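Reading through the structure tokens given below for one structure.
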Amino acid sequence: MKQTTLPQGMHDKLFKRARVTYQIERAISDLLMDQGFNRIETPTLEHFEVFSDQVETSNYNLFDREGQLLSLRPDITSQIGRVIASTRVETPIKFSYSGKVFHYNEEMRGLTNEHTQAGVEIVGFPVQEAVEEALISAKKALEIAKVDDYSFELSHAAVLQTIFETLELSETDRVYLQEAILEKHITRLKEFTVARPSEFDGFISQLPFLFGDWQEVLAQARQLTNHKGILSALSDLELTILRLGTCLPRVTIDLGQLPTVSYYTGLMFKVFGDKVPDAFASGGRYDKLFERFGAKELTALGWTIDIDLVYQAVRDHFDCEVADD
């Protein structure tokens with residue numbers, strides 16, 4: 001009998017869903033090209049080393065006929081790093097893209113392992129200029145996708161990176177602390193500071209509360225540490241918010257936001273809406289990614305929008321003749 005079931009985490013898109021997600025992807029792509037972003041398309045298959053120095057079980061890996069290990073791309077930003085390092089593309093430059101990415105999720109969570117993304121990469125521009133263009137272009141993309149109720153949540157990779165690097169944690173302790181931060185587990189964080197006392201004890205124990213109104217969070221965080229690296233990161237966040245003024249909708253801060261990808265080095269952000277439980281857009285600064293490919297360090301910022309999650313937020317806006325699948 002022929003196999004008719006789909007692999008775990010894969011889904012067919014029928015009728016309204018297929019049409020609307022296509023319309024969203026096309027509208028965002030056209031907008032970005034009109035805004036001066038150079039369209040780029042990268043292959044779905046790459047050598048696994050493009051995405052990680054070691055084989056990641058969360059990626060879809062396979063061997064080609066020559067026995068080389070390949071991966072279905074889990075993200076497109078890493079591919080942009082490879083393009084910059086391996087071609088004669090001159091910087092500064094702005095890219096836009098859309099396409100499929102693949103990443104294993106826990107089976108019991110019922111999440112999709114194949115996603116359609118659209119995004120940008122802003123490479124080689126002055127930092128503040130790149131930050132502001134990234135955030136404003138993300139806002140415009142959400143608007144053209146008809147997302148009308150959302151908020152930006154900002155953070156800074158250097159905050160937690162500074163803590164982890166200074167403490168020189170073992171892998172076990174690192175995982176323990178990451179999980180406690182992710183879960184905002186007050187008791188476990190307190191236990192960690194007792195077991196591993198440091199200058200960051202007050203800051204670590206308060207991480208579950210360092211989110212919300214940006215002015216209140218920054219004021220509280222500055223009372224908890226004198227570390228120059230963390231204070232500098234807080235100033236970066238404040239400068240960005242003040243310069244953008246009223247250009248963005250609601251803005252909050254979460255200093256316990258763990259990087260969604262390992263190569264983030266500076267400002268990070270996520271976009272949340274009331275109709276979707278997960279962030280349907282995210283981005284950040286990743287200056288050191290290019291060094292993995294033998295290129296020099298470059299200022300770089302990018303973001304991605306998950307088209308499938310955006311569809312969940314906006315499907316009621318589309319008056320289609322075909323019933324939803």
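If you're wondering where the values come from, they're calculated on a predicted model, not measured in any experiment.
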Item to check | side chain to side chain contact (heavy atoms under 4.5 Å, CB included) evaluation trace for Arg250 with Asp149 | outcome: CA-CA 9 Å; Arg250 296 188 304 274; Asp149 188 13; 3.4 Å; yes
Item to check | side chain to side chain contact (heavy atoms under 4.5 Å, CB included) between Lys270 and Phe272, worked out | outcome: CA-CA 7 Å; Lys270 295 181 178 181; Phe272 294 93; 3.6 Å; yes
Next on the checklist: Determine whether Gln3 and Thr5 satisfy the following criterion, side chain to side chain donor-acceptor pair (under 3.5 Å), listing intermediate values before the conclusion.
Outcome noted: CA-CA 6 Å; Gln3 180 65 268; Thr5 59; 2.6 Å; yes
Checklist entry - Can you check side chain to side chain donor-acceptor pair (under 3.5 Å) on Asp75 and Tyr263, steps first, answer last? => result CA-CA 12 Å; Asp75 75 272; Tyr263 47 72; 3.3 Å; yes
Next on the checklist: Evaluate Gln117 against Ile307 for side chain to side chain contact (heavy atoms under 4.5 Å, CB included), listing each step before the verdict.
Outcome noted: CA-CA 6 Å; Gln117 289 185 347; Ile307 303 297; 5.9 Å; no
Checklist entry - Which is it for Ser205 and Lys190 under the side chain to side chain donor-acceptor pair (under 3.5 Å) test, yes or no, and what are the steps along the way? => result CA-CA 5 Å; Ser205 63; Lys190 182 63 178 178; 5.6 Å; no
Next on the checklist: Let's go through Val20 and Arg315 carefully: what are the C-alpha distance in whole Å and the side-chain angles of both, what is the deciding distance for side chain to side chain contact (heavy atoms under 4.5 Å, CB included) to 0.1 Å, and is it a yes or a no?
Outcome noted: CA-CA 8 Å; Val20 173; Arg315 57 185 174 185; 5.7 Å; no
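Of all non-hydrogen atoms in Ala85 and Ala295, the two that sit nearest each other are CB-CB, 3.8 Å. Closest heavy-atom contact between Ala145 and Val310: CB-CG1, 3.9 Å. The nearest pair of heavy atoms linking Thr77 to Tyr97 is OG1-OH, 4.1 Å. Leu234 approaches Ala221 most closely through the heavy-atom pair CD1-CB, 3.8 Å. Shortest non-hydrogen contact noted between Pro126 and Thr299 is C-CG2, 4.5 Å. The two residues Ser155 and Asp254 have their closest heavy-atom pair at OG-O, 2.8 Å.
Looking at Asn113, its side chain never comes within 3.5 Å of a backbone N or O of Met10 through a donor-acceptor pair. In terms of modelled atom types and a separation under 3.5 Å, the side chain of Ser52 and the main chain of Gln54 share a donor-acceptor contact. For Arg292 (side chain) and Glu49 (main-chain N/O), a donor-acceptor pair under 3.5 Å exists by modelled atom type. Side-chain atoms of Asp308 come within 3.5 Å of backbone N or O of Thr116 as a donor-acceptor pair. For the pair Trp303 (side chain) and Ala134 (backbone), a donor-acceptor distance under 3.5 Å is present. Using modelled atom types, one side-chain atom of Arg196 and one backbone atom of Leu167 make a donor-acceptor pair closer than 3.5 Å. Side-chain atoms of Ser232 never come within 3.5 Å of backbone atoms of Lys228 as a donor-acceptor pair (strictly under, hydrogens ignored). Of the possible polar contacts, none joining the Asp30 side chain to the Ala27 backbone as a donor-acceptor pair under 3.5 Å is found. The main-chain N or O of Val50 is never found under 3.5 Å from a side-chain atom of His47 such that the two would form a donor-acceptor pair. Here the side chain of Arg73 pairs no donor or acceptor atom with the backbone of Gln79 at under 3.5 angstrom.
Within the 4.5 Å cutoff, no side-chain heavy atoms of Leu154 are placed close to those of Thr252. Residues Glu238 and Thr240 fail the side-chain proximity criterion, which asks for heavy atoms closer than 4.5 Å. Using a 4.5 Å heavy-atom threshold, the side chains of Ile204 and Ile163 count as touching. The shortest side-chain heavy-atom distance between Thr21 and Lys13 falls under the 4.5 Å cut-off. Contact of the Trp214 side chain with the Leu242 side chain is registered, since non-hydrogen atoms from C-beta on lie closer than 4.5 Å. With a 4.5 Å cut-off on side-chain heavy atoms, Asn61 and Leu72 do not count as touching. Contact check for Glu199 versus His227: side-chain heavy atoms found under the 4.5 Å cut-off. Two residues are said to be in side-chain contact when any heavy atoms from C-beta on lie closer than 4.5 Å; Leu189 and Pro208 meet this criterion.
Note that CD of Glu179 and CG of Leu258 are 10.5 Å apart. Values are rounded to the nearest 0.5 Å. Atom CG of Leu32 and atom CG of Asp34 lie 9.0 Å apart (nearest 0.5 Å). Here CD1 of Ile144 is found 8.0 Å from CD1 of Ile28. Values are rounded to the nearest 0.5 Å. Rounding to the nearest 0.5 angstrom, the gap separating the SG atom in Cys247 from the NZ atom in Lys140 is 9.5 Å. To the nearest 0.5 Å, atom CG of residue Leu70 and atom CG of residue Leu62 are 5.5 Å apart. The line from CG of Asp173 to CZ of Phe164 is 10.0 Å long, rounded to the nearest 0.5 Å.
Residues Tyr104 and Phe63 do not share a hydrophobic cluster, clusters being chains of Ile/Leu/Val/Met/Phe/Trp/Tyr side chains in contact below 4.5 Å. A continuous path of ILVMFWY side-chain contacts below 4.5 Å connects Phe37 to Leu301, so both sit in one hydrophobic cluster. In the hydrophobic cluster analysis, where Ile, Leu, Val, Met, Phe, Trp and Tyr join through side-chain heavy atoms closer than 4.5 angstrom, Leu289 is grouped together with Val123. A chain of hydrophobic side-chain contacts below 4.5 Å, direct or via other Ile, Leu, Val, Met, Phe, Trp or Tyr residues, connects Phe95 to Phe290. In the hydrophobic cluster analysis, where Ile, Leu, Val, Met, Phe, Trp and Tyr join through side-chain heavy atoms closer than 4.5 angstrom, Leu160 is grouped apart from Val261.
Taking the six-membered ring for Trp and thresholds of 30 and 60 degrees, Tyr286 and Tyr264 have ring planes inclined between 30 and 60 degrees apart. Taking the six-membered ring where tryptophan is involved, the planes of Phe269 and Phe152 are tilted, since the angle between them lies from 30° to 60°. Ring geometry for Phe280 versus Tyr150: interplanar angle over 60°, hence perpendicular rather than tilted (30 to 60°).
Under a cut-off of 6.0 angstrom, the local environment of NZ in Lys100 is crowded, with over 12 non-hydrogen atoms contributed by other residues, nucleotides or ligands.
Here the options are Glu121, Glu129, Glu133, the test is salt bridge (charged side-chain N to carboxylate O under 4.0 Å, His left out), and the partner is Lys94; only Glu133 passes.
Between Glu291 and Lys296 there is no salt bridge, since no side-chain nitrogen of the basic residue lies less than 4.0 Å from a carboxylate oxygen of the acidic one.
Relative to the six-membered ring of Phe211, Lys184 meets both conditions, a distance below 6.0 Å and an angle of at most 45° to the axis.
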